[in-house]
Asker: 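Would you mind keeping the following structure in view while I ask a few things?
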Amino acid sequence: MWRQIDGRSRRLAIGDAERRDSIKRLGTTRVRRRPLAVDSCAAATPERDPTTGFFVRSVGPRLVARLFVEADRTRGTLFALWLDLDRFRQVNDSFGYAEADAVIARIAERIRSVVGVRRTLLRVGSDEFVVLLPALDAPSVERIAGQLLVVVDQPMPLGSILFRPAVSIGIAARSSTDDPLSLLERADRAMMEAKRQGGNRFVVKAAEPPRGASGAQLAREELEVESILHGALENGGLELHYQPLLRPDGSLEAVEALMRCSVAGRAVSPQQFIPVAEKTGLIVRLGEWSLLQSTRCAARLRCQGCRAKVAVNVSRAQLTSPSFLSVLHAALICADVPPAGIELELTESLFMDASPIVQANLRGARAAGVGLAIDDFGTGYSSLSNLKDLPATKLKFDRAFISELPADRRAFAILRAITRLAGELGMLVVAEGIETVEQLAAAKAAGVDATQGFLHARPMPEEALLEWLRAR
Amino acid sequence: MVESTMNVPTRGRPNGRPSLANALDDAIRAIDIPPRPQIIDRIRVEVLSENPCFHRIGQLIKADVGLAAGLLKTANSPYFGLRTRVRSVSEALVLLGLELTARAVAAISLRRAFPDSAHYVRFWDSSARIAALSGWLAQTLAPPGLNAADAYTFGLFRDCGIVILLRRFADYRQTLARANGDAERSFTAVEQADYPTDHAVVGSLLATEWWLPDEICQAIRAHHEPSAIACLGADPPLVGSRLIAVSQTAEHLLQQLTGASRTQEWTKLGQASLLLLGLTEESLRELHAEAATILAATD
């Protein structure tokens, strides 16, 4: 199970002096690293990295193995923390290696100041470190990770600017089935997850559940959800609810279709059923079903004189299907809706998927006149440089970002800047997760084209939506 | 025959504005591709509830005379496999069970769901005959994993996408003629050359919307693809492949018996279908007499 604890809520934050740097912070590029393996040349390399004084990568597995033996002897614990600096490549690219090395040396010093000089510390990549913590309990380790986030986060001079480093940390606790490599790999995966969640945070990755009770329990739950989904697809247990997106003048810009599933009075949340649907491939049928239902809804809205678009979420599995465009057109034909009547919502990583089939499907949909929205913008590997190449017509700022409004002036500055930029690129900007009047005012002041959230309306069945429209 | 499949109660229109129910009803009528009839949803609500009430479902079906008559006819048809002759909707419900009843209601509703069905009489009649022969073949040949009701439903829904495309595109008729006459390319490849989609995709989408089982929806999507029934390496072959093979064979039987053959599908899919069902052209001919009886009963 994943556990996530945010670092200080600084994601996408921006100050006037740091605007250029912070906009870059939207990009969290990851450099491909060598796979971790015991280096056969270890004996020939010095054991210490000259910049940081940490052990070098190649001796890692040997050191971890030694700590394993020690932990076995004392029946103690062992935690591995994998640290990866966020957006460090930009320091390398912009300031050169000498400056970058100086930054690394200072960060190493900060790490040492938190964990102590006697701990086993490794430099495993240009901007990646491993900290090994034996004989501590989980809360102590999490406390240390929290301190690391804070201490790394302090500004430091870099060239003519003040640079604020940030780090993503993955934590793994040794389990009885671990070997040194599996422990490190798990910490690495946890770090990647922290990065995926936006960076500047730590994520704890527990050992895979043993093939005992808990693993069986998990499998049973998944099977149950899968059988509910099958039942829902064949017995009418699916429903779409629609949440309005309003323009600043209060008119309806679009509605987003969100799937609900319940069988025999038992509702299953999207958080429960979507992962299972993705795993089993059922997501394709669910997606096709909701595509047709959404276009039907668009048709009925049009019959009411309402030209609002209906936005429908599409999954990776749908977009990698060669028949995606056929299905899209079939839905439009069945419902007799022009392509401009609907909009597909997908994550930015899907937009940037380089596979030819995904790109062909996206461009085919766009060429037909269907709108394409980037969902959850600002949460993942958002990158401004990619925006110009995407065939998107709309950009939806994630609720996690909007929730920082209006208190966080830097968040507001980013929202305003990107709204202007997106506008010049021909995209509409939507702020999701608007819950308070203050957030709405801030979003409007930033110039967004539409807002969505509980403040306007919760997702509701189609009939309720029509009533809601009439009542306005 | 144009019939409404909707049971939206008529309400007044205060202040000259349409009531919501009327507005919805009008909206649905304006869209001439049939959404799922409400009766299907109402039955599904019962099926999904913890204590389904047969009486309530019976009342729903009886409220629609055409549907009730259709259900009796379907329940008494050979391909739904009842040994007893049913005389009332209640009996049909008990003997068929909720699942098969829902399937039967979907089958009965399909043709009625299309306004102006009269324009496509030949099409629907041919679908009904292929469906009946498919149900009967599934019963006679009993291929593993395949039941007659599924084969019947598949036969009926298999080509419904054609009607949708005919209604939407004036020149689809020409494409259809070309697709029927093409002995090289797959039927759907000919359609895809002219349109951004094809009747198999449209049909499978409709079947999904009508809550038909996954195997049927998938088979509708693939029913013109030779690879869908040629995968004999798979053990056991998928139910969907057998559905396709049975309906192709049913269509071929129909063409043999009526002497009307306007398609090239048997040329493209016939051998694989026979192989999958363990038949030969010769053994197929031995089924002619009985198939003729089934056809006579259908008409």
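Just so we're clear, the structure is a prediction, and the values are computed from it rather than from any experiment. Below, chain A is the first sequence line, B the second, and so on; all start at residue 1.
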Asker: Given that the side chain runs from C-beta out, which part of A/Ala331 has a heavy atom under 4.5 Å from chain B: side chain, backbone, both or neither?
Answerer: both
Asker: Could you look at A/Leu301 and say if it's the side chain, the backbone, both or neither that has a heavy atom under 4.5 Å from chain B?
Answerer: neither
Asker: If you count heavy-atom pairs under 4.5 Å between each of B/Asp198, B/Asp41, B/Thr208 and chain A, which one has the most?
Answerer: B/Thr208
Asker: Going through the checks in order, is the salt bridge (Lys or Arg N to Asp or Glu O under 4.0 Å) test met by A/Glu226 and A/Lys279?
Answerer: CA-CA 10 Å; A/Glu226 187 184 344; A/Lys279 209 164 167 180; over 6 Å; no
Asker: Above 12 or not: heavy atoms from other molecules or residues under 6.0 Å from CZ of A/Arg472?
Answerer: yes
Asker: Is it true that A/Asp376 and A/Lys396 have a side-chain N and a carboxylate O under 4.0 angstrom from each other?
Answerer: no
Asker: Picking from A/Leu325, A/Val337, A/Leu291, A/Leu233, which has the most non-hydrogen pairs under 4.5 angstrom with chain B?
Answerer: A/Leu233
Asker: With only heavy atoms counted, which part of B/Phe169 is less than 4.5 Å from chain A, the side chain, the backbone, both or neither?
Answerer: side chain
Asker: Any carboxylate oxygen within less than 4.0 angstrom of a Lys/Arg side-chain nitrogen, looking at B/Glu209 and A/Arg296?
Answerer: yes
Asker: Considering only NZ, NE, NH1 and NH2 on the basic side and carboxylate oxygens on the acidic side, decide whether A/Asp449 and A/Lys394 come within less than 4.0 Å.
Answerer: no
Asker: Where on B/Leu205 is there a heavy atom nearer than 4.5 Å to chain A: the side chain, the backbone, both, or neither?
Answerer: both
